[in-house]
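Notes follow once the structure below has been shown.
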Amino acid sequence: MLSASSTAVIPSPPARLPDPSAIVLDGLSVRLGGRPILHGLTATLRGRAIGLLGPNGAGKSTLIQTLLGFHRPASGTACLLGEDIRHAGPDLRDRIGYMPENEAFIPGMSAVRFVRYMGELSGLPRAVAIERAHATLYYVGLGEARYREVQTFSLGMKQTAKLAQALVHSPQLIFLDEPTNGLDPRARGRMLDLIGEIRDSGSAQVVLSSHLLRDVEQCCDEVLILREGRIAAVCDLAAERRDDRSFLDLDAVGAVDAFAAALGRRGIDIDRQGNRLKLVVPDRFGVRDLYALAAETGAHIQRLSYRHDSLEDIFLRAMDADLDPAGNASDGKVQ
Amino acid sequence: MAVYERRYEPYQGPRRPVGGRAWVISRFAWDDFARSRLFLASLVAGAFVPTLGLLVVYLHHNAQALDVLNLPISELIRIDGSFFYLLLWPQHWLALWMALVVGPGLITRDLTGVALPLYFSRPLSRRSYLFGKAAALMALLSAVTWLPVLLVWLFQASLGGRSWAGDSLDILTSIMVSSLAWILLLTSLSLAISAWVRWTPVARLFILGLVSVPSAFAMAVYGITDRPWGLVFAPMLLVRDLRFSLMEDSLSQIGTAMRGGFPSLSAPWTLAALGLWTALGFLALMSRVKALDVVR
Amino acid sequence: MSTDPRELILFQEVSKFYGEVLGINRVSLSIPPGITSLVGPNGSGKSTLMNLMTGLLHPTVGRISVRGTATDDPERLHRLVGYCAQPDTFPPAATGLSFVAGFLEICGLGRRAAQLRAEETIDQLGLSDAAGRKVAAYSKGMRQRIKLARAIAHDPPVLVLDEPLNGLDPMARAEVIALFRRWGAGGRHLIVSSHILHEVDLLSDQVILMNQGYVVAEGDIQGVRGEMTRHPLQIVVRCADPRPLAARLIGADSVTDLQLHADGGGFFARTRDPEGFYRLVQDAVLQEGLILETVMPVDDDVGAVYQYLIGEA
């Protein structure tokens with residue numbers, strides 16, 4: 001009973017046709033040691049950089065590991081680069097890069113040898129592997145340290161070497177599990193810049209799992225939020241950023257109390273913390289009116305910016321939302 | 001004029017077929033062996049006895065040279081099973097030594113560095129990973145065991161004529177079968193221990209202990225019961241026995257004397273027991289080599 | 001601000017060397033109560049500084065007192081300071097409860113009291129359900145929280161926490177930050193090291209920036225930022241038709257440089273007089289009908305200060 005004017009959300013049928021540019025989860029369930037970890041995940045992810053979020057134990061790493069073929073799905077499946085992971089030949093993994101969460105290197109091997117080795121294991125011919133190992137280490141910024149053994153590296157450098165081995169063979173899909181964990185601000189900034197560059201190069205799709213919402217916000221255009229092994233939300237960050245102009249953040253000095261009171265009298269919702277006000281501005285009320293009201297009441301506006309829903313808001317809402325037993329947030333989207 | 005910015009460059013060239021990836025592992029393992037001086041020294045030492053063997057064979061067939069040296073070598077040393085036993089025996093010990101030198105590091109390093117997920121996120125199965133590692137070690141052990149001794153046998157066969165070769169096929173069998181059994185056993189045990197014991201010196205002790213200590217047990221069983229079944233637990237004695245029993249007919253008195261009063265099983269039983277040991281080693285290995293340890 | 005040494009953590013010309021390796025060099029600090037964040041690259045001396053406060057290390061040179069107690073008085077210091085170290089080391093068989101209660105017994109509580117107090121603290125950190133389980137089976141986030149529970153269990157007025165948020169998921173981070181706020185508001189000292197600079201902004205009353213063993217800045221972040229006169233404040237303005245406003249601003253003495261955005265929808269400006277700057281923007285809005293979208297400083301936070309003082313390269 002759907003009329004043209006119906007507002008009901010028509011759920012799109014789960015994508016069965018593999019779309020090579022997307023990660024397609026189709027009822028994916030995984031059990032580990034007899035315990036169900038992932039419950040029938042269904043989603044189609046098309047972002048160039050996909051953030052994977054969720055509390056500890058939500059199944060983020062399990063999802064990545066399943067997509068890599070380390071665990072067999074108990075039921076359902078997933079498609080990467082247009083191939084079903086259950087039936088894909090081993091060469092699918094030539095097109096995938098993986099940077100695990102934990103430390104991973106080979107003691108006694110120099111960085112360049114390590115990266116070259118991994119490149120050859122991913123099918124690069126010998127001469128190419130040497131060339132690309134050097135190029136990749138130069139690219140990630142380990143050029144000067146490349147002849148040192150990886151175990152002598154600092155934490156940040158080890159992470160970077162791990163990134164290099166995930167890139168050396170030029171994969172089309174790269175899984176990064178907590179790539180900034182434990183990094184100091186400089187190393188973290190550099191790691192995020194690198195991820196951004198890879199994403200923008202257009203040659204690879206990136207899946208980034210992180211506890212730091214900022215990292216995901218900075219790098220990703222789509223997020224998948226997991227909770228208790230179910231999808232709590234899938235959300236297109238790029239679209240979120242474009243929409244939503246009704247929230248304003250501002251800092252004011254001077255008679256902030258009077259200003260806030262005046263705003264309240266005009267029926268504007270405000271959330272105040274010290275000098276910082278968060279407002280939901282009605283359409284009829286423009287920035288100019290705000291300044292005028294401030295001047296009237298003796299306050300001065302300093303900082304002022306529109307605020308889109310931060311990923312934190314999206315995340316927290318996803319954590320509160322009900323999960324339906326099929327494993328997905330009621331309509332797969334957070335409204 | 002041009003400016004080249006540092007940027008991410010995709011690669012679109014050809015890739016090697018998936019089937020050959022295990023050899024990459026072997027090759028890198030070999031390169032790693034070759035960095036160890038102890039390894040190189042051992043490899044050189046491994047050439048000593050076979051060279052001596054070649055020399056003796058050569059002298060044997062060159063009467064002139066013997067006259068010059070005025071040595072009645074052909075009477076002192078006969079080129080028979082006992083002679084080849086004497087060549088094979090030190091090489092087998094050397095193989096054990098080599099396994100002790102290079103074996104423990106083979107898998108331990110990948111485990112301590114938690115590198116296995118990196119391997120298995122690539123188109124490599126556990127089997128091809130292990131095959132690559134095992135092939136490297138087996139190639140190495142072959143180079144010090146049957147390969148050089150086979151060379152001596154062939155040399156002797158070319159000089160001694162068709163009849164000698166025809167009569168000495170059992171020697172060839174003994175060289176090949178006992179060496180291969182020993183190599184397989186050493187490979188499986190040292191890889192298994194490499195996967196289970198992280199600390200190299202301890203791993204070495206373990207390998208040594210596993211192959212040697214049960215020998216005493218076997219001898220004790222034999223001493224008490226007068227039955228050879230204790231041998232099943234003593235792989236080193238099994239291989240020793242195999243070397244003898246496969247060329248029983250070609251042993252001279254010296255050979256029989258060397259064999260002494262040790263217990264002995266028939267060759268099929270010996271092979272079965274060795275096969276069991278090897279299989280156990282590989283099983284222990286497989287249980288350890290996984291992309292991930294699933295907690296709980 | 002109080003100058004009573006019983007309310008301060010004081011470092012007087014403190015240096016710590018490990019052989020020839022420098023831990024920290026000639027550090028003088030006076031840390032008031034509240035949340036103080038320690039920020040700096042790996043190896044900059046943060047952990048050394050923390051270990052010195054907790055008495056686990058002794059300075060090579062100089063004197064330290066924690067709320068009036070010298071750090072060479074281990075027993076009194078122990079009662080004063082709770083410490084959450086970065087590495088996870090737990091007795092293999094310990095459950096969450098026994099881990100905390102055992103520590104309390106060492107502190108001199110009776111078995112029963114220790115048990116009760118431990119339960120209470122664990123509850124505060126939201127781990128009650130897992131209290132009976134082995135710590136070895138905890139997730140990273142739970143381990144982090146049980147370490148926090150142990151640090152706070154004996155109710156010390158000083159808490160020294162080495163990267164306490166590391167490994168926590170977004171929910172847990174928010175909860176723990178709220179907890180820190182509560183603890184900090186009660187007049188405690190919280191010394192927290194962190195690499196996540198936007199959280200430092202959110203969390204701390206003051207920051208200490210360290211680099212290669214030296215303190216390069218300390219104080220409340222706005223104050224520190226104000227001191228950095230070599231780097232005038234950078235402000236971004238987004239609006240329709242920005243050129244007239246830009247022209248006006250560039251005429252002001254306090255504006256040192258201004259750069260239009262490539263898309264013609266705004267500009268970056270650096271100013272030594274933010275107040276005056278904002279007033280000019282306000283005038284443009286009110287008198288000339290400027291259609292303003294955004295005006296905000298972009299380098300007034302810890303991240304920017306870190307970048308200016310410690311650098312990118």
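So that the names make sense, note that chain A is the first sequence line, chain B the second, and so on, each numbered from 1.
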For atom CZ of Phe206(B), is the number of surrounding heavy atoms from other residues, nucleotides or ligands below 6.0 Å larger than 12?
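No, because the 6.0 Å sphere around CZ of Phe206(B) holds 12 heavy atoms or fewer from other groups.
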If you count every heavy atom of other residues, nucleotides or ligands that lies below 6.0 Å from Phe153(A) atom CZ, does the total exceed 12?
yes
Any idea which of Gly105(B), Ala115(B), Ser125(B), Gly113(B) has the most non-hydrogen atom pairs under 4.5 angstrom with chain A?
Gly113(B)
At a heavy-atom separation under 4.5 Å, does [X] approach chain B through its side chain, its backbone, both, or neither?
X	result
Arg126(A)	both
Gln65(A)	side chain
Ser203(A)	side chain
Leu92(A)	neither

Measure centre to centre between the rings of Phe114(A) and Phe28(B), then say whether the value is under 6.0 Å.
no
With sequence neighbours excluded, tell me which residues meet side-chain hydrogen bond (donor to acceptor under 3.5 Å, both in side chains) with Arg86(A).
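Arg86(A) satisfies side-chain hydrogen bond (donor to acceptor under 3.5 Å, both in side chains) with Thr77(A), Asp84(A) only.
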Output the residues of residues 12-27 of chain B for which the shortest heavy-atom distance to chain A is under 4.5 Å, in residue-number order; output 'none' if no such residue exists.
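Expected list: Pro14(B), Arg15(B), Arg16(B), Val18(B), Arg21(B), Val24(B), Ile25(B), Arg27(B).
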Looking at every non-hydrogen atom in both residues, tell me the closest pair between Leu124(B) and Arg93(A) and how far apart they are.
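The pair with the smallest heavy-atom distance is O-NH1, 4.0 Å.
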What heavy-atom pair brings Ala104(A) and Val114(B) nearest, and what distance separates the two atoms?
CB-O, 3.3 Å
Pick from Ser122(A), Pro171(A), Pro90(A), Ser201(A) with the largest number of heavy-atom pairs that fall under 4.5 Å of chain B
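Highest number of heavy-atom pairs under 4.5 Å: Ser122(A).
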I'd like to verify something: which residue of Thr62(A), Val128(A), Ile96(A) has the highest number of heavy-atom pairs under 4.5 Å with chain B?
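Maximum pair count with chain B is reached by Val128(A).
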Given ring-ring contact (aromatic ring centres under 6.0 Å, His included), test Phe120(B) with Tyr98(A) step by step and report yes or no.
CA-CA 10 Å; Phe120(B) 297 133; Tyr98(A) 172 46; over 10 Å; no
Considering only heavy atoms from C-beta outward, does the side chain of [X] approach that of [Y] to under 4.5 Å?
X	Y	result
Tyr8(B)	Ser170(A)	yes
Ile106(A)	Tyr119(B)	yes
Asp32(B)	Arg113(A)	yes

CD of Gln165(A) to CG of Leu118(B), rounded to nearest 0.5 Å, is 4.5 Å
What distance do Tyr117(A) atom OH and Asp31(B) atom CG have between them, rounded to the nearest 0.5 Å?
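Tyr117(A) OH to Asp31(B) CG: 10.0 Å, rounded to 0.5 Å.
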Donor-acceptor list for residues 134-144 of chain A side chains, cut-off 3.5 Å, not counting sequence neighbours:
from      : atom 1 : to        : atom 2 : distance (Å)
His134(A) : ND1    : Arg146(A) : NH1    : 2.9
Thr136(A) : OG1    : Arg132(A) : O      : 2.5
Tyr139(A) : OH     : Glu197(A) : OE1    : 2.9

What do the steps show when you test Ser121(B) against Phe70(A) for side chain to side chain contact (heavy atoms under 4.5 Å, CB included), and what is the final call?
CA-CA 8 Å; Ser121(B) 67; Phe70(A) 294 171; 3.9 Å; yes
What pairs of donor and acceptor atoms, side-chain ones from residues 157-164 of chain A against any protein atom, are under 3.5 angstrom apart with sequence neighbours left out?
from      : atom 1 : to        : atom 2 : distance (Å)
Lys158(A) : NZ     : Glu103(A) : OE2    : 3.3
Gln159(A) : OE1    : Lys162(A) : NZ     : 2.8
Gln159(A) : NE2    : Pro179(A) : O      : 2.9
Thr160(A) : OG1    : Gly156(A) : O      : 2.6
Lys162(A) : NZ     : Pro100(A) : O      : 2.8
Lys162(A) : NZ     : Glu101(A) : O      : 3.2
Lys162(A) : NZ     : Asn102(A) : O      : 3.0

Does the distance from a Lys or Arg side-chain N to an Asp or Glu carboxylate O, for Asp91(A) and Arg122(B), drop under 4.0 Å?
no
